[in-house]
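Below: one structure, written as structure tokens.
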Amino acid sequence: MPDTLRHILASDSPLSSITVRGWVRTRRDSKACSFIEITDGSCFKGLQIVVDASLPCAALMPGILTGASIEVDGDLIASPAAGQTWEMQAKDLRVVGEADATYPLQKKGHTPEFLRTISHLRPRTNLFSNVFRVRSRMAFAIHRFFQDQDFFYVHTPVITSSDCEGAGELFRVTTLKQGSNAKPEDDFFGRPTYLTVSGQLQGETFACALGNIYTFGPTFRAENSNTARHAAEFWMIEPEMAFCDLFDDMSLAEASVRYLVAAMIKECPEELEFFNKFVDKELVGRLQQTLEKPFERISYTAAVDLLLKSGRSFEHPVIWGEGLLTEHERFIAEEHVRGPVTIYNYPKDIKPFYMRQNDDGKTVAAMDLLVPGIGEIIGGSQREDKLDVLRAAMQHHGLNEEDYSWYTDLRRYGSVPHAGFGMGFERLLMFVTGVSNIRDVIPFARTPGHAPY
RNA sequence: UCCUGAGUAGCUCAGCGGUAGAGCGGGUGGCUGUUAACCACUAGGUCGUAGGUUCGAACCCUACCUCAGGAGCCA
């Protein structure tokens, strides 16, 4: 493996006779020499290469346009000019792959909308190389957070026959020909199957065996959602803990957000600086604030109360028993609390069947963690662990108990209080990068009418 | 899916009834240890698509398509 620019640029002394590879960002010609800046993706910074005009390889300059890939032999020396600590004095240079004038990425002035139309080339830009390096490091930090606390990573199925009621529209998985009259029994699995909308129900079975578990994988929703915060395919982290109530659940959710924000600050300083400068000037301040004070917790009923007493006239009325709308959540997170906030104990009629009923008979032990700018980043609950209450809830929601016998068995044999949540990985990335559209934190985003790669 | 706005050169945009423009990117020449380099010249466009109004449409009207912002749904 050749050495990366990340490693080379971190050198504390000059290096002689090294070879670097990368893609050309820009070239400037001077009388005595040419300057080529290359990046190799290993870090945000690039390396300036100085090619003396007297070298035989200087004849290659006209073919070295933005986007070309090159390989350079030379010495790493202290740069005599401002702008960079190190630069490379070239001895020899080879063009690995040319790029002609049709290369769409220029040195400046591209909108995220345009770059979305060239998703295969945008990782070569400053913005997107930073986003995707952060995506990788955050994914790793998530595993570390849970593994350090003895959680087990469980791979729940991508193809399921349960629809985790309430989690949204499903993508059908079938091998039947379109328009065929074949029955579901004739299909590949002998029954209707779908892409998973949540691994929670299966995750519960493993929590009720291994104790603390988490899933981290792709999730699919066939909702016709057209917003900056929704995608048809996204990644979700779903921890599930046995012998755990809603308040333990909220504590873990808050701790995970704080851990991941801290990881961003510590492990991605160059990327963070870039985002703060070019994407969202309040990003660093907001992340630091997240670490400074404990997250607030407000019950749903108290939230409705404070909205009613806020004196604010909302477009949609605030009514106990109905869901909090975006404008309500934004008011609470961005104006009232001015920071992350957890809202808990929601009315039972607006929540799925599996959530634990509270003693008041009106609410369930559900919680949403809201962050400024994004809204809901985590949604979770304590699960109903009493068999009779769960069966009644399933009946109330019109579910066929036979289909969920494996799920109710968890309450039949050694039932325990347990709880968990789902964290939207892309929403977390939006929060820590300041990037405002979910399509820009996913390598190849899938949204309604859009899956071109 | 609903509401609002926008589609003009490879990219970012100006032009808003009377012969299609600029900056960047490309080419050519010049200058320079340059830093989104600079200066000059140059090539590049059925103005999203289809109809309509008008002597005349990039511009006004209608439909459709695409994108963006907001809403619903949620992670």
Side-chain angles (χ1 to χ4, degrees), chain A residues 25-37 45-53 62 65-67 77 79-84 87 89 99-118 125-126 164 166-169 196-200 216 218-238 253 278 314-316 322-330 350-352 368-371 374-380 421-431 436-442 447-450 452:
Chain A
R25 277 299 177 78
T26 175
R27 189 192 95 227
R28 296 174 291 272
D29 293 325
S30 184
K31 188 164 203 169
C33 57
S34 289
F35 300 94
I36 305 170
E37 190 183 335
K45 287 200 179 78
L47 174 65
Q48 171 165 285
I49 292 157
V50 183
V51 184
D52 199 281
L65 298 177
T66 303
I77 60 168
S79 178
Q84 58 279 318
E87 67 181 26
Q89 189 70 49
D100 67 16
T102 62
Y103 185 64
L105 294 174
Q106 297 173 10
K107 299 176 198 174
K108 63 175 185 178
H110 290 304
T111 59
E113 292 79 27
F114 168 67
L115 293 170
R116 252 171 245 158
T117 68
I118 47 168
T125 64
N126 285 339
C164 198
E169 303 282 327
T196 183
V197 291
S198 166
Q200 179 205 315
F216 183 16
T219 306
F220 306 88
R221 304 274 166 95
E223 300 281 345
N224 190 11
S225 297
N226 245 309
T227 81
R229 294 180 294 285
H230 292 84
E233 177 180 335
F234 62 99
W235 281 55
M236 190 154 65
I237 302 105
E238 297 185 283
F278 295 108
F314 294 104
E315 195 179 327
H316 303 279
E322 295 191 6
L324 297 176
L325 300 173
T326 297
E327 58 173 335
H328 307 140
E329 293 185 345
R330 287 185 70 120
I350 59 171
K351 290 293 182 183
D368 284 352
L369 198 165
L370 315 177
V371 294
I374 315 269
E376 186 179 348
I377 197 169
I378 284 174
F421 62 80
M423 173 189 286
F425 183 46
E426 285 79 8
R427 290 189 180 173
L428 170 79
L429 292 174
M430 292 166 75
F431 183 57
S436 60
N437 195 308
I438 197 167
R439 284 167 270 231
D440 296 334
V441 297
I442 301 178
T447 50
H450 195 86

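Computation of the quantities below employed the complete heavy-atom set of this structure, encompassing side-chain atoms and omitting hydrogens, waters and symmetry-equivalent molecules. Protein chains get the first letters and strands the later ones, always in sequence-line order, with residue 1 at the start of each. It should be emphasised that the depicted structure is a prediction, and the values quoted were computed from it without experimental measurement.
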- Task: Could you give the distance separating B/C16 and B/G56 at their C1' atoms, to the nearest angstrom?
- Result: 16 Å
- Query: By side chain to side chain donor-acceptor pair (under 3.5 Å), which residues pair with A/Arg229, not counting sequence neighbours?
  - Reply: none
- Check whether any side-chain N or O of A/His328 sits under 3.5 Å from a backbone N or O of A/Phe314 as a donor-acceptor pair, and report yes or no. no
- Message: Using whole Å, what does the distance between atom P of nucleotide B/G33 and atom CG of A/Asp52 come to?
- Response: 12 Å
- Message: Any side-chain N or O of A/Thr102 below 4.0 angstrom from OP1/OP2 of B/G10?
- Response: no
- Message: Quick check on RNA chain B: between A/Gly422 and A/Ala82, whose nearest nucleotide comes earlier from the 5' end?
- Response: A/Ala82
- Item | Residue A/Asn224, side-chain heavy atoms: nucleotide from B/U1, B/G10, B/A75 that is nearest | B/U1
- Query: For the base of B/G33, is there a side-chain donor-acceptor partner from A/Glu87 under 3.5 Å away?
  - Reply: yes
- Query: Roughly how far apart, to the nearest Å, are B/C13 and B/U19 at atom C1'?
  - Reply: 22 Å
- Message: Under 4.0 Å, heavy atoms only, any strand: does A/Met236 hit a base, just the sugar-phosphate, or nothing?
- Response: sugar-phosphate
- Query: When you compare B/G52 with B/A58, how far apart are their P atoms, in angstrom units rounded to a whole number?
  - Reply: 15 Å
- Starting at CG of A/Asn226 and ending at P of B/G72, how long is that distance when rounded to a whole Å? 14 Å
- With side chain to side chain contact (heavy atoms under 4.5 Å, CB included) as the test, would you mind laying out the steps for A/Val371 and A/Arg427 before giving the verdict? CA-CA 10 Å; A/Val371 294; A/Arg427 290 189 180 173; over 6 Å; no
- For A/Asn126 and B/U35, give me the distance from atom CG to atom C1', rounded to whole Å. 13 Å
- Side-chain N or O of A/Arg229 closer than 4.0 Å to phosphate OP1/OP2 of B/A71: yes
- How close or far is atom P of B/G69 from atom CD of A/Glu315, stated in whole angstroms? 18 Å
- Task: Searching all strands shown, indicate the nucleotide that pairs with B/C38 (Watson-Crick or G-U wobble; both distances under 3.5 Å).
- Result: B/G30
- Any idea which of B/G69, B/G10, B/A71 is nearest the A/His316 side chain? B/A71
- Pairwise C1' distance, B/U62 and B/A57 [rounded to whole Å]: 15 Å
- Rounded C1' spacing from B/U8 to B/U46 in Å: 12 Å
- How is A/Ile237 classified with respect to the nucleic acid when contacts are heavy atoms under 4.0 Å: base, sugar-phosphate, or nothing? nothing
- Query: How is A/Leu105 classified with respect to the nucleic acid when contacts are heavy atoms under 4.0 Å: base, sugar-phosphate, or nothing?
  - Reply: nothing
- Item | All side chain to side chain donor-acceptor pair (under 3.5 Å) counterparts of A/Gln84, not counting sequence neighbours | A/Ser79
- Could you give the CZ-to-C1' distance, from A/Arg439 to B/G69, as a whole number of Å? 11 Å
- Message: So does A/Phe234 get a backbone contact from the side chain of A/Glu426, meaning a donor-acceptor N/O pair under 3.5 Å?
- Response: no
- Task: State whether the distance check finds a donor on one side and an acceptor on the other, under 3.5 Å, for side chain A/His110 versus base B/C11.
- Result: no
- Message: For a quick check of understanding: with a heavy-atom distance under 4.0 Å over all strands, which category does A/Thr26 fall into, base, sugar-phosphate or nothing?
- Response: sugar-phosphate
- Could you pull out all residues at least two apart from A/Phe216 that satisfy ring pair (Phe, Tyr, Trp, His ring centres under 6.0 Å)? A/His143, A/Trp235, A/Phe425
- Could you give me the CA-CA distance, side-chain angles and deciding distance for A/Leu105 and A/Ile118, then say whether side chain to side chain contact (heavy atoms under 4.5 Å, CB included) is met? CA-CA 9 Å; A/Leu105 294 174; A/Ile118 47 168; 3.8 Å; yes
- Base B/C73 to side chain A/Ser225, donor-acceptor N/O within 3.5 Å cut-off: yes
- Return the nucleotide paired to B/C60: Watson-Crick means purine N1 to pyrimidine N3 with N6-O4 or O6-N4, wobble means G-U with N1-O2 and O6-N3, both under 3.5 Å. B/G52
- Note on the structure: With sequence neighbours left out, the residues meeting ring pair (Phe, Tyr, Trp, His ring centres under 6.0 Å) with A/Phe114 are A/His110
- Between the main-chain N or O of A/Ser198 and the side-chain N or O of A/Glu238, is there a donor-acceptor pair closer than 3.5 Å? no
- Specify the separation, in whole Å, of atom CD of A/Glu426 and atom P of B/C74. 18 Å
- Query: Would you say the side chains of A/Thr227 and A/His230 form a donor-acceptor pair under 3.5 Å?
  - Reply: yes
- Treat primed atoms plus P, OP1 and OP2 as sugar-phosphate and everything else as base, then score nucleotides 26-32 of chain B 5' to 3': B for base contact with protein heavy atoms under 4.0 Å, S for sugar-phosphate contact only, - for none. SS----B
- Item | Pairing nucleotide - B/G17, Watson-Crick or G-U, each distance under 3.5 Å | none
- Message: In whole Å, measure the gap between the C1' atoms of B/A43 and B/G21 for me.
- Response: 16 Å
- Of the candidate nucleotides B/G25, B/U34, B/G72, which contains the atom at the shortest distance from the side chain of A/Ala81? B/U34
- Item | Assigned partner base of B/G7, Watson-Crick or wobble definition, under 3.5 Å | B/C65
- Task: Could you check which nucleotide pairs with B/C2 in any of the strands shown, counting Watson-Crick or G-U wobble with both distances under 3.5 Å?
- Result: B/G70
- Message: Mind checking if A/Pro80 touches a base, just sugar-phosphate, or nothing, with heavy atoms under 4.0 Å?
- Response: base
- Item | Non-neighbouring partners of A/Arg28 that pass salt bridge (charged side-chain N to carboxylate O under 4.0 Å, His left out), sequence neighbours left out | none
- Item | A/Thr326 vs B/G72: side-chain N/O to OP1/OP2 distance below 4.0 Å | yes
- Message: With the stacking rule set at 5.5 Å and 30°, tell me whether A/Phe234 counts as stacking on B/A75.
- Response: yes
- Provide the distance between the two P atoms, one in B/G27 and one in B/G44, to the nearest whole Å. 16 Å
- Partner of B/G25 by Watson-Crick or G-U wobble geometry, both contacts under 3.5 Å, or none? none
- Task: Return the nearest nucleotide to the side chain of A/Gln48; candidates are B/C67, B/C11, B/G33.
- Result: B/G33
- Query: Mapping A/Trp235 and A/Thr227 onto RNA chain B by nearest heavy atom, which one lands closer to the 5' end?
  - Reply: A/Thr227
- A/Arg28 (side chain) and B/C38 (base): donor-acceptor pair under 3.5 Å: no
- Item | Any A/Arg116 side-chain N or O less than 4.0 Å from OP1/OP2 of B/A68 | yes
- side chain to side chain contact (heavy atoms under 4.5 Å, CB included) with A/Met430: which of A/Val441, A/Ile377, A/Asn437, A/Asp440? A/Val441
- Task: Please confirm whether any donor atom in the side chain of A/Gln84 sits under 3.5 Å from an acceptor in the base of B/U35, or the reverse.
- Result: yes
- Item | Gap between atoms CD and C1', on A/Glu329 and B/G70 respectively (whole Å) | 15 Å
- Query: Whole Å only: how far is the CZ atom of A/Phe114 from the P atom of B/G25?
  - Reply: 15 Å
- P atom, B/C31 versus B/A68: distance in rounded Å? 47 Å
- Message: Of the options B/G33, B/G10, B/C73, whose atoms approach the side-chain atoms of A/Leu325 most closely?
- Response: B/C73
